[in-house]
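Heads up: the structure comes next, in structure tokens.
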Amino acid sequence: MADPTPRNIVIAGGGTAGWMTAAALARFCGRGWTITLVESEEIGTVGVGEATIPAIRLFNQALGIDEAEFLRETHGTWKLGIEFDGWGAPGQRYMHAFGLVGRGLGLLPFHHYWLRAHAAGRAAPLGDYVLNAVAARANRFAHVERAGDSALPPVPYAFHFDAGLYAAYLRRYAEARGTVRVEGRVEAVERDGESGDVSALVLANGTRVAGDLFVDCSGFRGLLIEGSLETGFEDWGHWLPCDRAFAVPCERADPLIPYTRATARSAGWQWRIPLQHRTGNGYVFSSAHISEDEAAATLLANLDGAPQGDPRLLKFRAGKRRKFWNRNVVAIGLASGFIEPLESTSIHLIQTGITRLLDFLPNGPVASADRDAYNRLSDFEIDRIRDFVVLHYFANGRNDPFWKAQCRMALPESLEFRLDMFHANGRIIREGDELFDVPGWIQVLVGQGIFPERWHPLADALSDDQLDQFLATISNSFQRDSARMPGHSDYLARFCATPSTFSQSSIA
Ligand SMILES: Cc1cc2nc3c(=O)[nH]c(=O)nc-3n(C[C@H](O)[C@H](O)[C@H](O)COP(=O)(O)OP(=O)(O)OC[C@H]3O[C@@H](n4cnc5c(N)ncnc54)[C@H](O)[C@@H]3O)c2cc1C
């Protein structure tokens with residue numbers, strides 16, 4: 001009897017999603033598995049996606065990737081968080097930094113004490129109590145894991161990198177571990193007459209690539225999941241109104257800051273991602289509120305270096321597939337859905353899609369219970385990330401027509417519930433293993449001007465003096481800790497110097 005286990009996996013698409021998937025499968029599926037990736041150079045990739053969140057390090061570690069080599073190969077930098085410029089109000093800035101906010105005391109998260117002190121006018125800005133934010137503003141970085149009984153919190157970090165170089169790096173990794181790459185344009189998707197499952201991809205030159213399990217990494221077009229299986233798409237345009245972006249790199253500008261910047265503009269926002277060899281920039285905007293010409297001109301007028309080429313237009317729709325896994329096709333990356341890059345979550349969703357695929361790797365025919373569980377977990381994850389990103393739009397303090405319209409939107413029920421709870425008592429809970437935890441929510445809520453009516457009653461247990469002392473101890477120690485860290489550019493140069501991007505003097 002033939003072995004029914006799907007041991008022949010075909011990946012359609014070789015962008016970041018395709019090569020991350022191939023690299024992970026090549027690393028973890030041992031003997032007996034065949035991994036084939038089909039991509040078309042002629043079609044190319046989306047070519048953006050350069051800011052990440054700290055979990056990317058787990059992915060790299062699982063693959064055994066050396067951090068210095070990785071940063072060298074992808075011209076990457078370290079990232080401590082995202083600065084939001086002009087979101088709460090024009091001219092106002094806050095940081096959503098990775099890591100802890102303050103230090104808990106007794107049973108309570110720190111922010112309840114801070115809310116009490118803030119209401120009495122006795123607190124510094126919340127960012128003064130977040131080590132990553134203090135270090136980011138000072139352009140400093142260090143590898144700090146929590147050491148023994150040290151009071152110093154860890155410094156979680158992510159990367160900025162060149163998306164094209166990252167995919168190329170992972171391609172070398174995957175091919176070295178047996179992934180077979182097939183070049184060619186997929187022209188048809190063959191289905192099994194009986195089961196309805198996908199059986200093969202047919203390329204323009206007639207080549208037939210057969211498989212048992214297919215991973216659709218074909219980008220927005222969703223060649224298999226939508227083009228063939230017609231899975232359906234849940235549109236989130238009413239919550240996330242931006243549907244276009246212009247992207248353009250410019251010359252690197254010093255100092256090389258260890259954070260992404262997201263600057264609110266009249267009909268969207270502009271990203272700034274510092275890399276070793278250039279700065280990535282883009283304007284994410286709503287085509288209903290600004291013309292493409294004006295958006296491109298706005299982007300070009302707000303670069304801090306000479307542009308390297310003309311702005312490139314990308315069109316997209318916020319939302320998700322009705323099923324991430326349909327029949328024997330798992331959609332990963334843009335083929336599965338898209339939330340705009342405000343919180344750098346797309347590559348993370350690729351990563352968790354891959355982890356989940358490995359968890360649910362079929363041992364025999366695909367079980368519908370497995371498929372359902374995969375879809376349920378994926379839905380929960382992406383819906384919660386959507387809520388977090390929607391909050392940034394809803395809670396803005398700007399006056400442009402685009403921004404005023406966002407303040408009036410009807411929120412997703414899950415976000416409404418969370419805001420009600422926060423408004424009443426400053427309470428923030430993390431449900432299941434949703435991505436954003438209390439530190440992320442509190443920084444964005446407060447950063448965008450949302451304050452609760454009250455805080456947790458136990459925060460009143462400290463006297464005013466004790467409260468002042470508690471807050472001062474934390475902010476003073478974070479200032480001291482940050483001052484001891486090396487400058488970001490210098491440390492990066494020492495850590496992974498590439499002769500072409502750093503002068504000898506900066507390495508010395
Ligand atoms: C404006 C913008 C900014 C972004 N910024 C970030 C960010 O900062 N951080 C982040 O995490 N994410 C970001 N993203 C998302 C990120 O770019 C994607 O998640 C990531 O690049 C993965 O894309 P992909 O591999 O799914 O698709 P793609 O890069 O589009 O790759 C699709 C692949 O499928 C192949 N293909 C398609 N059709 C065929 C066919 N018929 N035959 C053969 N091959 C085919 C293509 O050749 C290509 O290889 C951003 C996205 C956009 C639009």
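One-based numbering, in listed order, for ligands and for the atoms of each.
Less than 4.0 angstrom separates some heavy atom of Ser40 from each of these atoms of ligand 1: 43 (C), 44 (N), 47 (O). Those atoms of ligand 1 with a heavy atom of Arg221 less than 4.0 angstrom away are 37 (C), 38 (N). Residue contact check: Val46 has heavy atoms under 4.0 Å from atoms 17 (O), 21 (O), 28 (P), 29 (O), 30 (O) of ligand 1. Near Ile350, with a cut-off below 4.0 Å to any heavy atom, the atoms of ligand 1 are 19 (O), 22 (C). Counting atoms of ligand 1 from 1 in the listed order, those under 4.0 Å from a heavy atom of Ala17 are 22 (C), 24 (P), 25 (O), 26 (O). Within the listing of ligand 1, atoms 26 (O) sit less than 4.0 angstrom from a heavy atom of Gly333. Near Ile347, with a cut-off below 4.0 Å to any heavy atom, the atoms of ligand 1 are 10 (C), 11 (O), 12 (N).
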Evaluate Lys323 against Glu230 for salt bridge (Lys or Arg N to Asp or Glu O under 4.0 Å), listing each step before the verdict.
CA-CA 10 Å; Lys323 290 177 187 167; Glu230 299 182 343; over 6 Å; no

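Within the structure, ligand 1 lacks Ala163 among the residues with a heavy atom less than 4.0 angstrom away. Using a 4.0 Å cutoff on heavy atoms, Phe338 counts as a contact of ligand 1. At a 4.0 Å cut-off, at least one heavy atom of Gly44 sits close enough to ligand 1 to count as contact.
Considering each of Leu342, Ile53, Ile43, the one bringing a non-hydrogen atom nearest atom 45 (C) of ligand 1 is Ile43. Scanning Gly184, Gly49, Ser344 for the heavy atom closest to atom 43 (C) of ligand 1 points to Gly184. Nearest to atom 1 (C) of ligand 1 by heavy-atom distance, out of Ala51, Ala245, Gly14, Ala335, is Ala245.
Between Trp269 and Trp271, the ring-plane angle classifies as tilted under the 30° and 60° cut-offs. Using cut-offs of 30° and 60° on the angle between ring planes, the pair Phe141 and His488 is perpendicular. Using the six-membered ring where Trp is involved, Phe285 and Phe246 have ring planes that are parallel, under 30° apart on the 30 and 60° scheme.
Proximity of a side-chain donor or acceptor of Gln448 to a complementary backbone N or O of His392 within less than 3.5 Å is detected. Checking side-chain atoms of Thr207 against main-chain N and O of Leu203 turns up no donor-acceptor pair under 3.5 Å. Side chain of Arg418 to main chain of Ser414: no donor-acceptor pair is present (N/O by atom type, distance under 3.5 Å, no hydrogens or angles).
By the ring-ring contact (aromatic ring centres under 6.0 Å, His included) test, Phe28 is found to be paired with no residue, residues two or more places apart in sequence or in another chain being considered. When the salt bridge (Lys or Arg N to Asp or Glu O under 4.0 Å) test is applied to Glu69, no partner is found at least two apart in sequence or on another chain.
Residues Trp87 and Tyr94 keep their aromatic ring centres 6.0 Å or farther apart. Here the two rings, on His75 and Phe159, have centers that are 6.0 Å apart or farther. If you look at Phe436 and Trp441, their ring centroids are not closer than 6.0 Å.
The single protein non-hydrogen atom nearest to atom 26 (O) of ligand 1 is Leu334 N, 2.9 Å, given as residue, atom name and distance. Nearest protein heavy-atom contact of atom 42 (N) of ligand 1 is Val186 N, 2.8 Å. Taking atom 3 (C) of ligand 1 as the reference point, the nearest protein heavy-atom neighbour is Pro341 CG, 3.4 Å. The protein atom (non-hydrogen) at minimum distance from atom 35 (C) of ligand 1 is Gly13 CA, 3.7 Å. Nearest non-hydrogen protein atom to atom 20 (C) of ligand 1 is Thr16 CB, 3.8 Å. Here the heavy atom of the protein found nearest to atom 19 (O) of ligand 1 is Ser346 CB, 3.4 Å. For atom 17 (O) of ligand 1, the closest non-hydrogen atom of the protein is Val48 O, 2.8 Å.
Looking at Leu203 against ligand 1, nothing comes within 4.0 Å, counting heavy atoms. By the criterion of a heavy-atom distance under 4.0 Å, neither the backbone nor the side chain of Ala12 is placed next to ligand 1.
Distances between N or O atoms of Leu314 and those of ligand 1 include no value under 3.5 Å. Inclusion of Trp271 in the set of residues having an N or O under 3.5 Å from an N or O of ligand 1 is not warranted. When only interatomic distances are considered, the shortest N/O to N/O separation between Ile273 and ligand 1 does not fall below 3.5 Å.
One finds a salt bridge joining Glu50 and Arg278 here, because a Lys/Arg side-chain nitrogen approaches an Asp/Glu carboxylate oxygen to under 4.0 Å.
Remark: the Asn8 side chain and the Thr34 side chain contain no N/O donor-acceptor pair separated by less than 3.5 Å.
Within a 6.0 Å radius of CG in Asn205, more than 12 heavy atoms belonging to other residues, nucleotides or ligands are found.
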